[in-house]
Structure formats: structure tokens, C-alpha cells
Amino acid sequence: MTDRDGFQVWLKTALYEAELALHNGDAAPRRALWSRNEPVSVLGAWRAAHGQQDLDCLQRGSGFGEL
């Protein structure tokens, strides 16, 4: 299997299932795909997050911890 084939399999399985769960109100499968290693950040139009604590808050839809 090539890298491209492996990526397509991942897209059609784990990522698809995580996005479907997010659409249905469950962010946990999508969060499980994200890195648990620091440094981690999300830059977004609505909010940005830096570090695991802020990322967890972002995924839960709650406020941020102290920056």
C-alpha cells in the first residue's frame, strides 16, 4: 500500500467517522485524532487555542483556561 492509499483509507474510515460523530454532537472521536503532544495549537476564525487545556475547552465548547 502506498502512502496515498493509506491516507485515503484513513480519510474514508477514521476521519469520516469522527466528522460524522461531530456532526451528531459528539466531539470525542475527532478529539482523539488530534495530537496529545505539546506544543499544540489551533488557529481559527472563531477562536484560537494553545496547549492541551485550551484545546480541550475548545472541543467542549466552553471557555478557555488562563493563558
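All residue numbers in this chain count up from 1 along the given sequence. Computed over heavy atoms, backbone and side chain alike; hydrogens, waters and symmetry mates excluded.
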Side chain to side chain contact (heavy atoms under 4.5 Å, CB included) involving Y16 - partner list, sequence neighbours excluded: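 So Y16 forms a side chain to side chain contact (heavy atoms under 4.5 Å, CB included) with L20.
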N/O donor-acceptor pair under 3.5 Å between E38 side chain and Q52 backbone: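 Yes, the answer is positive, given that a donor and an acceptor are paired below the 3.5 Å cut-off.
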Side chains of W10 and D5 in contact at under 4.5 Å (non-hydrogen atoms):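 No - every pair of side-chain heavy atoms lies 4.5 Å or more apart.
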Residue pairs involving residues 8-19 (criterion salt bridge (charged side-chain N to carboxylate O under 4.0 Å, His left out); sequence neighbours excluded):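 Sorted result for residues 8-19: E19-R30.
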With sequence neighbours excluded, residues passing salt bridge (charged side-chain N to carboxylate O under 4.0 Å, His left out) with R36: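 For R36 the salt bridge (charged side-chain N to carboxylate O under 4.0 Å, His left out) partners, ignoring immediate neighbours, are D56.
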Test log, rule side chain to side chain contact (heavy atoms under 4.5 Å, CB included), inputs F7 and D3: CA-CA 6 Å; F7 179 72; D3 287 344; over 6 Å; no
For L33 against A18, the heavy-atom pair lying closest together: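 Reported closest heavy-atom pair: CD1-CB, 3.6 Å.
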